[in-house]
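Each ligand, and each atom within it, is numbered from 1 in the order the structure gives. Values reported hereafter were calculated over all heavy atoms of this structure, with side chains retained and with hydrogens, waters and symmetry mates removed.
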Amino acid sequence: MKALVYHAPEGLRLVEIETPRMGAGDVLLEVAAASICATDLRIVGGGHLKIPDGVRRVPGHEIAGRVAATGPQVTGISVGMPVAVIPNIGCGACDQCIRGQTHLCPTYEAFGIDLDGGFAEFMLVPERALRQALLVPIPEGMSFVEAALVEPLSCCYNGIQAGRIAPGDTVFIVGGGPIGLMHVLLARLAGARRVIVSEILDERLAQAGLFGADVLVNPGTEDAREAVLRATDGGGADVVIVAAPSSQAMEQAPDLAAAEGRVIYFAGLPRGQDTITFSPNRIHYRQITVTGTTGASRWQFRRALELAAARRVDLSRLVGAVLPLEDGLAAFDRALSHRELKVVIAPGGSERRVTG
Ligand SMILES: [Zn+2]
Ligand SMILES: [Zn+2]
């Protein structure tokens with residue numbers, strides 16, 4: 001089969017590799033769509049701790065496809081079934097897994113990082129992933145491309161939940177890329193009265209306006225702090241979500257939160273540059289909650305899928321380009337430009353919809 005394989009540390013290559021061999025309890029998935037995430041860009045740039053030199057890995061953890069074959073011991077999943085993939089496999093036994101937070105399991109494995117992922121014609125889904133119900137049926141009418149985007153949406157759902165947005169709240173989102181835009185859509189659904197977005201790239205900032213942001217700030221040309229305080233009559237935003245790897249925005253975030261506001265670090269910072277300073281007094285005297293989110297739970301994934309299926313979030317709006325696997329290297333270049341919405345690789349041809 002054809003696959004995009006990251007040869008650590010040299011880079012990504014489009015190569016022919018053996019189709020994965022299935023065990024009795026495993027499933028073989030025919031990948032229909034897999035979208036490129038910032039994590040994939042970090043992997044192929046050589047920046048992932050879990051992929052040391054010498055390892056060959058098919059990246060891709062935002063995946064939808066059709067069940068191509070099932071092992072004789074597999075039950076509840078049949079050939080031809082359209083499914084989206086929850087990418088993190090927890091150990092199943094630690095406290096976090098027992099709480100349903102498998103994405104916080106200290107020894108979790110992820111498709112596209114620890115196991116081969118979705119940028120290939122086929123992907124092996126091992127028995128331990130099936131036991132955790134990581135294949136979620138795609139409802140009729142949803143395209144595979146949309147289904148692949150449910151994974152990043154589920155991560156944003158986690159961020160939005162941590163923000164505990166109440167109807168009428170003002171939400172300030174740092175970052176106007178696809179992740180920032182998903183936060184805009186979800187903040188609106190959660191009842192935000194006003195959404196402020198800051199973004200350095202002007203075309204992305206304008207796009208945030210089309211997605212429902214009311215106040216647009218370019219921190220490259222104006223003071224984000226002043227703009228947020230002006231838009232909130234000096235009070236600050238009820239919820240501040242930092243969805244861009246900006247240390248400056250992270251330092252500033254508690255200062256821009258209203259009394260009893262919530263600050264969510266959705267993004268992380270590169271290793272070695274991951275120290276920021278701020279005064280705890282702002283948090284103390286104004287009772288601000290500072291927290292972070294990473295990934296999503298299986299339950300949040302299902303919620304995100306339901307929202308997209310019900311068209312409360314139209315994921316098709318977030319698609320920048322759909323390219324065949326043969327153009328996978330070009331797809332990565334386009335994703336690296338950071339000027340497009342989600343770039344999706346569709347090994348089996350682009351816009352197949354799920355029917356019956
Ligand atoms: Zn991702
Ligand atoms: Zn665990």
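At a threshold of 4.5 Å between non-hydrogen side-chain atoms, the residues Phe172 and Thr232 do not count as touching.
The side chain to side chain contact (heavy atoms under 4.5 Å, CB included) with Leu153 is formed by just one residue from the set Leu185, Leu305, Ile179, Val313; it is Val313. Of the residues Ile36, Ile63, Asp327, the one that meets the side chain to side chain contact (heavy atoms under 4.5 Å, CB included) test with Ile345 is Ile36.
Contact annotation: Glu62 places an N, O or S atom under 2.8 Å from the Zn ion (ligand 1). Inclusion of Cys37 in the first shell of the Zn ion (ligand 1) is supported: an N, O or S atom falls under 2.8 Å.
Judged purely by atom type and a 3.5 angstrom limit, Arg188 uses its side chain to pair as donor or acceptor with the backbone of Gly212.
Rounded to 10 degrees, the SG-metal-SG angle spanning Cys91 and Cys94 at the Zn ion (ligand 2) equals 110°.
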